[in-house]
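Since the model is a prediction, treat every value here as computed from it, not as a measurement.
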Amino acid sequence: MKPGEVGWIDRAQAMHKVTGTWHFYSDGLVYNFRVKGTVVSPAENGTDGVRNSVVARTREMSDNEKTSVGARPGGVLTKPHAPQG
């Protein structure tokens, strides 16, 4: 990362898609209620050959961001900055 940039990490979770007819159960009883549908949910890394991914990204700081952290031209910070949160 260069001076005057901000960075973050994007993470994409492997997902799994299941389509079928769903039967609803409660306390061991099967209800006569069936629905066709598709469910998309997080999956274990490597499911169906799909793996999680992590990508580091950067972009130029906005003027507002530079002001909020006390940056001078060239990205040099003039005051300490603690993360908000």
For Val35, which residues count as a side chain to side chain contact (heavy atoms under 4.5 Å, CB included) partner, sequence neighbours excluded?
-> Phe24, Phe33
With sequence neighbours left out, the residues meeting side-chain hydrogen bond (donor to acceptor under 3.5 Å, both in side chains) with Ser41 are none
Spatial distance of atom NZ (Lys66) from atom CE (Met61) [nearest 0.5 Å] = 7.0 Å
Which residues, ordered by chain and number, are linked to Val40 in its hydrophobic cluster, where ILVMFWY side chains connect at heavy-atom gaps below 4.5 Å, directly or through other members?
-> Met15
Can you sort out the partners of Ser62 under side-chain hydrogen bond (donor to acceptor under 3.5 Å, both in side chains), two or more places apart, ordered by chain and number?
-> Glu65
Contacts of type side-chain hydrogen bond (donor to acceptor under 3.5 Å, both in side chains), residue Arg51, not counting sequence neighbours = none
Who are the salt bridge (Lys or Arg N to Asp or Glu O under 4.0 Å) partners of Asp63, not counting sequence neighbours?
-> none
Partners meeting side chain to side chain contact (heavy atoms under 4.5 Å, CB included) with Asp48 (sequence neighbours left out) | His16
Please tell me if the side chains of Val18 and Thr38 come closer than 4.5 Å, counting only heavy atoms from C-beta onward.
-> no
Asn52 side chain vs Gln13 backbone, donor-acceptor pair below 3.5 Å | no
Quick one: list whatever passes side chain to side chain contact (heavy atoms under 4.5 Å, CB included) with Thr58, sequence neighbours left out.
-> Met1, Glu5
Should Ile9 and Val55 be marked as a side-chain contact (heavy atoms from CB on, under 4.5 Å) after you check the CA-CA gap, both sets of side-chain angles, and the distance that decides it?
-> CA-CA 6 Å; Ile9 296 175; Val55 179; over 6 Å; no
Taking C-beta and beyond as the side chain, do Lys36 and Trp22 meet within less than 4.5 Å on heavy atoms?
-> no
Hey, could you give me each pair passing salt bridge (charged side-chain N to carboxylate O under 4.0 Å, His left out) that has a residue in residues 7-19? Not counting sequence neighbours.
-> Asp10-Arg57
Who are the side-chain hydrogen bond (donor to acceptor under 3.5 Å, both in side chains) partners of Asn64, not counting sequence neighbours?
-> none
